[in-house]
**Student:** 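Dumping the structure here so I can ask a few things about it.
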Amino acid sequence: MVQGSSYICSLVQSLRSASFPSKLANYSGYTSRAASNSLRHPSTYSEDEYADVDWDKLGFGLTPTDYMYVMRCSKDDNFKEGRLSRYANIEISPSAGVLNYGQGIYEGTKANRTEDGRILLFRPDQNATRMMHGAERMCMPSPSIQQFVDAVKETVFANKRWIPPPGKGSLYVRPLLVGTGPILGLAPAPEYTFLVYASPVRNYFKEGTAPLNLYIDEEFVRASPGGAGGVKTITNYAPVLKAIARAKDRGFSDVLYLDAVNRKYLEEVSSCNIFIVKGNRISTPAISGTILQGITRKSILEIARDHGYQVEERAIPVDDLGDADEVFCTGTAVGVAPVGSITQRNRRIEFKTESSLVWKELYTTLVGLQTGRIEDKKGWTVEIH
């Protein structure tokens with residue numbers, strides 16, 4: 001996060017003198033800037049022209065693309081017009097609010113290329129709504145839903161040659177909202193920057209689509225009641241790194257956290273929500289302020305109801321794992337990932353990973369909607385022209 005935030009100041013300064021408008025359809029001064037860096041205007045790329053990437057070796061790592069989007073405002077103002085610029089490093093004040101007090105939130109969404117060449121986003125308005133909610137919790141101004149969606153659209157279109165071919169991955173889009181103004185005392189920053197960048201990605205976990213092996217860490221918790229676990233603040237993620245590293249050193253994929261009060265109810269995995277399946281019933285921990293309201297989670301709940309499953313959001317005791325048929329995780333980066341086992345202390349519980357699987361049925365529908373293979377009757381997808 002610090003590295004991503006560290007290039008905002010110089011970019012903002014360059015944007016102040018730039019003469020190009022925000023809409024890609026009508027650049028003025030933008031083309032010459034791109035040309036001077038041997039970078040073509042996005043509209044000059046053909047629909048079937050791709051960046052020089054070995055798509056078959058794509059993982060979930062940063063591959064810098066061509067452009068990023070930036071918009072800024074003061075703490076007592078509203079965000080106005082943003083700009084696209086060449087993806088590059090920027091500078092930031094050492095006393096920036098995000099560096100000193102962690103005043104920052106982020107989102108994640110994906111763009112997919114369909115078999116007939118269209119580019120689709122999946123529910124970006126939900127990301128915008130979640131960012132607004134998180135910004136209110138972190139005492140930050142935020143872009144409007146329309147500003148957020150437009151910024152994501154522009155970023156994706158500008159980087160369209162980096163969207164993998166169908167079946168080879170997605171373009172992961174990372175919107176950031178950070179306090180970039182200088183502040184010494186503990187208080188909201190005086191200035192904020194909204195930034196969007198993108199990177200082509202494939203599988204989040206090194207296991208690919210193979211079942212995950214999770215570890216329940218009883219020492220660390222992810223979030224506490226009254227905290228900020230329910231919003232996508234950057235401060236939620238560094239504290240889990242030690243638990244993840246310890247689990248991976250023991251051969252596990254990730255950590256499943258328990259609640260901070262009773263230490264007996266399932267919460268979520270480090271970067272994704274969790275579901276358990278028993279017969280026709282699908283359960284996931286209820287949203288109670290400590291669990292992130294995942295957009296993939298929300299979508300899977302609705303898809304499961306459409307498929308006739310009994311869906312419930314409830315407090316799930318860890319002991320319920322022993323009776324579960326299947327367990328799976330959901331998230332924007334993760335998609336839908338099956339869990340093969342969960343270990344607590346010296347007890348290892350294994351779950352069904354073969355034959356007819358609920359997670360695979362739901363995943364197939366989700367990906368079908370995201371990639372245009374299934375007709376979207378819910379209005380979840382947004383096409384970029």
**Student:** Could you check if a side-chain atom of R222 sits within less than 4.5 angstrom of a side-chain atom of L292, using non-hydrogen atoms only?
**Tutor:**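 Yes, close enough: below the 4.5 Å cut-off.
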**Student:** Please list, chain by chain and in numerical order, all residues satisfying side chain to side chain donor-acceptor pair (under 3.5 Å) with E302, sequence neighbours excluded.
**Tutor:** K378
**Student:** Under a 3.5 Å threshold, yes or no: a donor from one side chain and an acceptor from the other, between T296 and T330?
**Tutor:**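 No donor-acceptor contact under 3.5 Å links the two side chains.
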**Student:** Would a distance-only check, ignoring hydrogens and angles, find a side-chain to backbone donor-acceptor pair under 3.5 Å from Y192 to A189?
**Tutor:** yes
**Student:** In Å, rounded to the nearest 0.5 Å, how long is the span from CD of Q103 to CG of L186?
**Tutor:** 9.5 Å
**Student:** Who pairs with D56 by salt bridge (charged side-chain N to carboxylate O under 4.0 Å, His left out), at least two apart in sequence or on another chain?
**Tutor:** K168
**Student:** Just wondering, are more than 12 heavy atoms of other shown residues or ligands nearer than 6.0 Å to NZ in K278?
**Tutor:** yes
**Student:** If the plane angle is over 60° it's perpendicular, under 30° parallel, otherwise tilted; pick one for W359 and Y363.
**Tutor:** tilted
**Student:** Looking at side-chain heavy atoms only, is the closest gap between N112 and L121 below 4.5 Å?
**Tutor:** no
**Student:** Can you name the one residue among K232, R123, R130 that meets salt bridge (charged side-chain N to carboxylate O under 4.0 Å, His left out) with E107?
**Tutor:** R130
**Student:** Is it possible for you to say whether V152 and L171 belong to one hydrophobic cluster, with membership spreading through side-chain heavy-atom contacts below 4.5 Å?
**Tutor:** yes
**Student:** Counting N and O atoms only, with roles assigned by atom type, does the side chain of K248 sit under 3.5 Å from a partner on the main chain of D254, one being a donor and the other an acceptor?
**Tutor:**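 The answer is no, because no donor-acceptor pair under 3.5 Å joins these two groups.
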**Student:** Assign the ring pair F79 / F194 to parallel, tilted or perpendicular, where the plane angle (0 to 90°) is split at 30° and 60°.
**Tutor:**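 Correct class here is perpendicular.
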**Student:** Report the C-alpha distance between K110 and L120 in whole Å, list the side-chain angles of each, state the deciding distance to 0.1 Å, and finish with yes or no for side-chain contact (heavy atoms from CB on, under 4.5 Å).
**Tutor:** CA-CA 8 Å; K110 287 179 178 177; L120 298 180; over 6 Å; no
**Student:** Any ion pair linking D319 and K264 (charged N to carboxylate O, less than 4.0 Å)?
**Tutor:**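 The answer is no: the pair does not qualify as a salt bridge.
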**Student:** Any idea which heavy atoms bring S142 and M131 closest together, and the distance?
**Tutor:**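 Reported closest heavy-atom pair: CB-O, 4.5 Å.
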**Student:** Assess whether a salt bridge exists between E219 and R263, defined as any Lys/Arg side-chain N lying under 4.0 Å from an Asp/Glu carboxylate O.
**Tutor:** no
**Student:** Tell me whether R113 contacts the main-chain N or O of K160 through its side chain, where contact means a donor paired with an acceptor under 3.5 Å.
**Tutor:** yes
**Student:** Taking atom CZ of R281 as the centre, does the number of heavy atoms from other residues, nucleotides or ligands within less than 6.0 Å exceed 12?
**Tutor:** no
**Student:** Could you state the interatomic distance from OG1 (T129) to NE2 (H133), rounded to the nearest 0.5 Å?
**Tutor:** 11.0 Å
**Student:** Show me the side-chain donor-acceptor pairs of residues 367-374 shorter than 3.5 Å, one per line, residues at least two apart or across chains.
**Tutor:**
residue: T371; atom: OG1; partner: V367; partner atom: O; Å: 2.6
residue: T371; atom: OG1; partner: R373; partner atom: NH1; Å: 3.2

**Student:** A quick test of your reading: do over 12 heavy atoms of other residues, nucleotides or ligands sit less than 6.0 Å from CZ of R345?
**Tutor:**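 No, not enclosed.
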**Student:** What are the two closest non-hydrogen atoms of M71 and P143, and how far apart are they?
**Tutor:** CE-CB, 4.0 Å
**Student:** Would you give the length of the straight line joining atom CG of L362 to atom CZ of F328, rounded to the nearest 0.5 angstrom?
**Tutor:** 5.5 Å
**Student:** Please indicate whether K80 has more than 12 foreign heavy atoms, meaning atoms of other residues, nucleotides or ligands, lying under 6.0 Å from its NZ.
**Tutor:**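 Atom NZ in K80 is packed in, count exceeds 12.
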**Student:** A side-chain contact here means heavy atoms from C-beta on lying under 4.5 Å apart; do S341 and I349 qualify?
**Tutor:**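 The answer is no; the side chains never approach within 4.5 Å.
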**Student:** Less than 6.0 Å separating the ring centroids of Y172 and F60?
**Tutor:** yes
**Student:** For the backbone of F351 and the side chain of E326, can you confirm whether one donor and one acceptor N or O come within less than 3.5 Å of each other?
**Tutor:**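 Such a contact is absent between E326 side chain and F351 backbone.
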**Student:** Can you tell me if D77 uses its side chain to pair, donor with acceptor, with the backbone of C73 under 3.5 Å?
**Tutor:** no
**Student:** Apply the test side-chain contact (heavy atoms from CB on, under 4.5 Å) to residues M132 and F148: give CA-CA distance (whole Å), side-chain angles for both, the deciding distance (0.1 Å), then the verdict.
**Tutor:** CA-CA 10 Å; M132 293 179 72; F148 181 103; over 6 Å; no
**Student:** Please evaluate residues L84 and M68 with respect to the criterion side-chain contact (heavy atoms from CB on, under 4.5 Å), reporting the C-alpha separation (whole Å), side-chain torsions for both, the decisive distance (0.1 Å), and the verdict.
**Tutor:** CA-CA 6 Å; L84 282 158; M68 60 185 180; over 6 Å; no
**Student:** For the side-chain contact (heavy atoms from CB on, under 4.5 Å) test, which of C329, S271, C272 pairs with Y204?
**Tutor:**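 For Y204, the side-chain contact (heavy atoms from CB on, under 4.5 Å) test succeeds with only one of C329, S271, C272, which is S271.
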**Student:** Using every non-hydrogen atom in the two residues, find where I183 and P190 come nearest and quote the distance to one decimal.
**Tutor:** CB-CD, 4.3 Å
**Student:** For the ring pair Y237 and Y106, is the centre-to-centre distance below 6.0 Å?
**Tutor:** yes
**Student:** Has the side chain of S253 got a donor or acceptor atom that lies under 3.5 Å from a matching backbone atom of L214?
**Tutor:**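 No; judged by distance alone, with no hydrogens or angles, the pair does not exist.
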**Student:** Have a look at T155 and tell me which of I384, D66, V196, L195 forms a side-chain contact (heavy atoms from CB on, under 4.5 Å) with it.
**Tutor:** V196
**Student:** Just wondering, do R348 and Y215 contact through their side chains at under 4.5 Å, heavy atoms?
**Tutor:** no
**Student:** Shared ILVMFWY cluster between L258 and V327, side chains joined below 4.5 angstrom?
**Tutor:** yes
**Student:** A side-chain contact here means heavy atoms from C-beta on lying under 4.5 Å apart; do I216 and Y257 qualify?
**Tutor:** no
**Student:** T193 versus L176: any side-chain heavy-atom pair under 4.5 Å?
**Tutor:**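 Of all side-chain heavy-atom pairs linking L176 with T193, none is under 4.5 Å.
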**Student:** Between K377 and D306, is the closest basic N to carboxylate O distance under 4.0 Å?
**Tutor:** no
**Student:** For the CD1 atom of I282 and the CD1 atom of I300, what is their distance to the nearest 0.5 Å?
**Tutor:**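 One gets 8.5 Å once the value is rounded to the nearest 0.5 Å.
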**Student:** I'd like to know whether CD of E218 has more than 12 heavy-atom contacts from other residues, nucleotides or ligands below 6.0 angstrom.
**Tutor:**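 It does: E218 CD has more than 12 such atoms within range.
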**Student:** Should the heavy atoms of other residues, nucleotides or ligands under 6.0 Å from CG of L241 be counted, would the total exceed 12?
**Tutor:** yes
**Student:** Roughly how far apart are T109 OG1 and I295 CD1, rounded to 0.5 Å?
**Tutor:**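 Atom-to-atom, T109:OG1 and I295:CD1 are 7.0 Å apart.
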**Student:** Is it the case that the side chain of D259 and the backbone of S224 share a donor-acceptor pair, with hydrogens and angles ignored and the cut-off at 3.5 Å?
**Tutor:**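 No, because the side chain of D259 does not come within donor-acceptor range (under 3.5 Å) of the backbone of S224.
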**Student:** Going by heavy atoms in the side chains, are Y67 and S85 under 4.5 Å from each other?
**Tutor:**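 No - every pair of side-chain heavy atoms lies 4.5 Å or more apart.
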**Student:** For D116 and T114, does a side-chain donor sit closer than 3.5 Å to a side-chain acceptor?
**Tutor:** yes
**Student:** At their closest point, which heavy atom of Y50 faces which heavy atom of P164, and how far apart are they?
**Tutor:**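 Minimum heavy-atom separation between Y50 and P164: CE2-C, 4.0 Å.
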**Student:** Does a salt bridge link K75 with E191, judged by any charged N lying under 4.0 Å from a carboxylate O?
**Tutor:** no
**Student:** Is the closest basic N to carboxylate O distance between K352 and D325 below 4.0 Å?
**Tutor:**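 The answer is no: the pair does not qualify as a salt bridge.
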**Student:** Verify, without hydrogens or angle tests, whether N127 (side chain) and G108 (backbone) share a donor-acceptor contact under 3.5 angstrom.
**Tutor:** yes
**Student:** With distance as the sole test, does N213 use its side chain to make a donor-acceptor pair with the main-chain N or O of F252 at under 3.5 Å?
**Tutor:** no
**Student:** Might you point out which heavy atoms bring S199 and G61 nearest each other, and give the distance in Å?
**Tutor:** OG-O, 3.3 Å
**Student:** In sequence, state the C-alpha distance, the side-chain angles, and the governing distance for I316 and R314, and then conclude on side-chain contact (heavy atoms from CB on, under 4.5 Å).
**Tutor:** CA-CA 6 Å; I316 302 177; R314 63 179 175 89; 4.0 Å; yes
**Student:** Ignoring hydrogens, what is the shortest heavy-atom contact between V339 and P211? Give both atom names and the distance.
**Tutor:**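 What the structure gives for the nearest pair is C-CB, 4.2 Å.
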**Student:** Counting N and O atoms only, with roles assigned by atom type, does the side chain of N236 sit under 3.5 Å from a partner on the main chain of A228, one being a donor and the other an acceptor?
**Tutor:** yes
**Student:** Could you check whether any side-chain heavy atom of P200 comes within less than 4.5 Å of a side-chain heavy atom of T65, counting everything from C-beta outward?
**Tutor:**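 Of all side-chain heavy-atom pairs linking T65 with P200, at least one is under 4.5 Å.
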